[in-house]
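See structure below.
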Protein chains: 2
Amino acid sequence: MARRPTILDVAKAAGVSKSTVSLVVRGSETVKDSTREIVREAMRDLGYVYNRSAATLRSASSGLIGLVINDLRNPFFTEFAASLQMYLAEQGYATVIANTDEDPELQNRTIASLCEHGLSGLILSPAYGQEDAIAAELHKAAVPTIQVFRRLEVLGSRVPFIAPDYETGSALATRHLMDQGCKRIAFLGGLPERPVTRERMSAYLSALKDENIEPLVLTGETSRSFGRSMAPKLRQTYSDVDGVLCFNDLVALGLLAGCSEHGPRVGKDLRVIGIDDIEDCQDSHPPLSSVSCDIPNLAHTAAHHLLEWIQEGRRPDAVLRTPVSLVCRTSSTGR
Amino acid sequence: MARRPTILDVAKAAGVSKSTVSLVVRGSETVKDSTREIVREAMRDLGYVYNRSAATLRSASSGLIGLVINDLRNPFFTEFAASLQMYLAEQGYATVIANTDEDPELQNRTIASLCEHGLSGLILSPAYGQEDAIAAELHKAAVPTIQVFRRLEVLGSRVPFIAPDYETGSALATRHLMDQGCKRIAFLGGLPERPVTRERMSAYLSALKDENIEPLVLTGETSRSFGRSMAPKLRQTYSDVDGVLCFNDLVALGLLAGCSEHGPRVGKDLRVIGIDDIEDCQDSHPPLSSVSCDIPNLAHTAAHHLLEWIQEGRRPDAVLRTPVSLVCRTSSTGR
DNA sequence: CTGAAAGCGCTTACAG
DNA sequence: CTGAAAGCGCTTACAG
């Protein structure tokens, strides 16, 4: 096959200079309509494909956004990634996605490798650990970067942070369980000492304190299988528990599966609520109450702020919390 | 901040020519060890970042692999995407991912846009529809492309196809249900007339025919909510059904949720088996039997064949089926 | 509104 | 094993 046509070929075919073709490609207004049409037609005829590498080399803007995620298999992150990618595509940006599987070394190598492609921007849900190395990597990269969901202390406010307002979310959820008449409410799941765990737990703790209820914190993995494994324990060891706020929906859905096996009856003897409101909440038995983070909205916000930073140099605020809302279903209301 | 260092800066700092630096960057063997070390050190000191756009422009190989998926929110595809991305990263390739949400027009625009970045290869799980347009798009792109999971007729054998051996899988599953003593086995879910549906159904149909059992095909969405909605129907309208082969795990998991609500009792009155063996199968109640497609292996195979094509010009076979295996759990065995 | 020239940071032959 | 020159396909000023 012959080599690909370039703007020079298009220019020749259209009978204009290559500058004109370049202007048409970039959608400039300054080209006469009739000229533009002739150029477009020539591009179609020749099967011209715009070469962004060349454009990037000259203009230092690749139109590539990196998305680096600590756990892409978690449906919560999948929904985020899918939404983000669609928004960015609408704005003419391609998303380069990478999963780091909670491995900070892999994460740093990944970021380094993505930067070689000349990222226009980076959205990072960081793995924990190796914080100095990642700070160095990001500094070297010198690319507009936003952290989402998790915030690394070491990055301070140099790397803006966007996340759902989990604190309000767990306050709403805890309050809701109390309103349903729960007297003994447990917090289930989440690795201890992680900022995300502390954050979701803190409002739970203070809401209980307000009512002089003793807290019961059962930390653990953030997976379905952990939630499932805790159903028998709740029945045997903690049989007075009548309400559970879970670290996330996966833990809660696992707990629901475990309870349909061993009891207690969810919605009746035990009221359960998750966090994230992933799609599966609607199709569990019973349907799972949750704190919705409005992931599409969160993705849109992140995309919007990043592009504003890239295109207009307007750097986002150091911390942005996006709104959450309570979604009540049978698992917590009983009806 | 100063502009980024280039190989020229590195060359100056290391006291060699830029050709030498270029050789070091590309890991050539022909450079003396001591020289290589000096160059590496200079790169570190300067914070040098390799500019792939420049390299791509000259050498026409970007190291970028496109992954275009019809439904990235489905955990099956997520696992595939995550595995594939990890394998490709190990080989020094970055993955540009895009979700087309089953929209063929969006898909074609997406492919066109990815091609502007000079893809080295493309892995496509196509949306149905607009087949001529996509054929034209791929022709214009002239990039090594592999279809996975779904095969578009119009592309014929020009675009190699890799997928799990679903036919063997559904034969195994149907046979297993019979072995468990099921007398009336239904096939649940999957949009009618789609090749994927026909494929998973065909072995079910012929296995029943062998035993002179009447088939019962209940097509529908491939979602949890469809599976869930069918539980009451199975109880009321099709109460003689004692075994169900589901189009995929999502349908099966939905059915399980529906059954714990309305009966029948899964594993006892009704034996259920899914296809794909996504992670959630292990944590449902009861745990869901399924046909494992060994997604990591499938992803590895796809990555391997694509890279062989890209790097050595060895084009994969027109059709490659990867092995499947039966995973028996309580939903079909009762214990 | 359009054209001619220079240059982005690499790789690719080709000499030495 | 290393160096000097040309060129990949664009964009960016700058003239006209």
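We use all heavy atoms of the structure for the numbers below, so side chains are in, but hydrogens, waters and symmetry mates are not. The sequence lines fix the lettering, A, B, ..., with proteins before strands; numbering per chain opens at 1.
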Using whole Å, what does the distance between atom [atom2] of nucleotide [N] and atom [atom1] of [X] come to?
X     : N      : atom1 : atom2 : value
B/L23 : C/dT11 : CG    : P     : 9 Å
B/K12 : C/dG9  : NZ    : P     : 12 Å
A/K18 : C/dT2  : NZ    : P     : 17 Å
A/E29 : C/dT2  : CD    : C1'   : 17 Å
A/I7  : C/dA4  : CD1   : C1'   : 13 Å
B/L57 : D/dG7  : CG    : C1'   : 9 Å
A/L8  : D/dG7  : CG    : P     : 14 Å
A/I38 : C/dT2  : CD1   : C1'   : 13 Å

Is it the case that the base of D/dA4 and the side chain of B/S17 share a donor-acceptor contact (distance under 3.5 Å, atom types as modelled)?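 Per atom types, no contact qualifies.
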More than 12 heavy atoms from other groups under 6.0 Å of [atom1] on [X]:
X      : atom1 : result
B/E105 : CD    : no
B/E116 : CD    : yes
A/E312 : CD    : yes

Considering only C/dC10, D/dA13, D/dG7, which nucleotide approaches the side chain of A/S19 most closely? D/dA13
When you measure from the side chain of A/K32, which nucleotide among C/dC1, C/dT12, C/dC10 comes out closest?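 Between C/dC1, C/dT12, C/dC10, the one nearest the side chain of A/K32 would be C/dC1.
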A/T30 side chain N/O closer than 4.0 Å to the phosphate oxygens (OP1, OP2) of C/dC1? no
C/dA13 pairs with, by Watson-Crick or G-U criteria that keep both distances under 3.5 Å: none
For D/dA4, the Watson-Crick or wobble partner whose two distances fall under 3.5 Å: none
Judged by each residue's nearest nucleotide on DNA chain D, which is more toward the 5′ side, A/V49 or B/T35?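 Upstream on the strand: B/T35.
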Note: for B/T20 and B/A54 on DNA chain D, the residue whose nearest nucleotide lies more 5' is B/T20
Describe the nucleic acid contact of [X] in one word from base, sugar-phosphate, nothing, applying a heavy-atom distance below 4.0 Å.
X     : value
A/V25 : nothing
A/S59 : sugar-phosphate
B/R26 : base

Donor-acceptor check, side chain of A/R315 to backbone of A/R158, threshold 3.5 angstrom: yes or no? yes
Could you walk me through whether A/E131 and A/R150 pass the salt bridge (charged side-chain N to carboxylate O under 4.0 Å, His left out) test, one step at a time? CA-CA 13 Å; A/E131 300 207 2; A/R150 296 170 166 192; over 6 Å; no
